[in-house]
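This chain uses plain numbering: 1 for the first residue, then up along the sequence.
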Amino acid sequence: MREKIIRVIEEKQIHGITFTIVETMYEFGTHYVLLTNGLPGFHSVDLERVQRYMNSI
């Protein structure tokens, strides 16, 4: 599966760790991915869900 980052939604740095929410395009549409120091982790088609997850960390 190929994904392409469309845009950066939000970025925060906490205790030296960079959390970034990006919107990506892939073969089935768009979704949002939480990157932790550039590594993909939590993802969802619901932006608010990803934002809540990032803020809960």
Side-chain angles (χ1 to χ4, degrees):
M1 174 170 51
R2 286 190 169 270
E3 289 186 74
K4 179 181 177 185
I5 295 176
I6 298 172
R7 65 186 172 124
V8 174
I9 305 288
E10 185 176 348
E11 185 171 85
K12 288 185 179 181
Q13 189 164 18
I14 303 167
H15 301 292
I17 300 171
T18 303
F19 296 99
T20 309
I21 298 175
V22 295
E23 181 179 6
T24 64
M25 173 66 78
Y26 72 118
E27 59 194 53
F28 298 111
T30 61
H31 72 288
Y32 304 94
V33 179
L34 176 63
L35 305 175
T36 304
N37 285 338
L39 299 174
F42 187 78
H43 60 92
S44 177
V45 294
D46 182 9
L47 174 58
E48 289 182 22
R49 186 171 181 210
V50 178
Q51 288 173 322
R52 283 192 310 265
Y53 181 81
M54 180 178 74
N55 292 325
S56 72
I57 294 176

Within this structure, what is the CE-OG1 distance for the pair Met54 and Thr36, rounded to the nearest 0.5 Å? 10.0 Å

Shortest non-hydrogen contact between Ile21 and Tyr32, atoms and distance: CG2-CB, 4.4 Å

Out of curiosity, Thr20 OG1 to Ile9 CD1, how far, rounded to the nearest 0.5 Å? 11.5 Å

When rounded to the nearest 0.5 angstrom, what distance separates CZ in Phe19 from CZ in Phe42? 13.5 Å

List the atom of His43, the atom of Val50, and the distance in Å for their closest heavy-atom pair. C-CG2, 4.4 Å

Compare every heavy atom of Pro40 with every heavy atom of Val33, then report the nearest pair and how far apart it is. CG1-CB, 3.9 Å

Is Tyr53 reachable from Ile14 through a run of hydrophobic residues whose side-chain heavy atoms are each under 4.5 Å from the next? yes

More than 12 heavy atoms of other groups within 6.0 Å of Glu48 CD: no

Counting C-beta onward and ignoring hydrogens, is there a side-chain heavy-atom pair between Glu23 and Leu47 closer than 4.5 Å? no

Distance col, row Tyr26:OH vs Glu3:CD, nearest 0.5 angstrom, shows 7.5 Å

Checking the side chain of Thr24 only, and the main-chain atoms of His31 only, is there a donor and an acceptor separated by less than 3.5 Å? yes

Please give me the minimum heavy-atom distance between Val22 and Val8, naming the atom from each residue. CG1-CG2, 4.1 Å

Are side-chain heavy atoms of Ile17 and Ile57 found at a separation under 4.5 Å? no

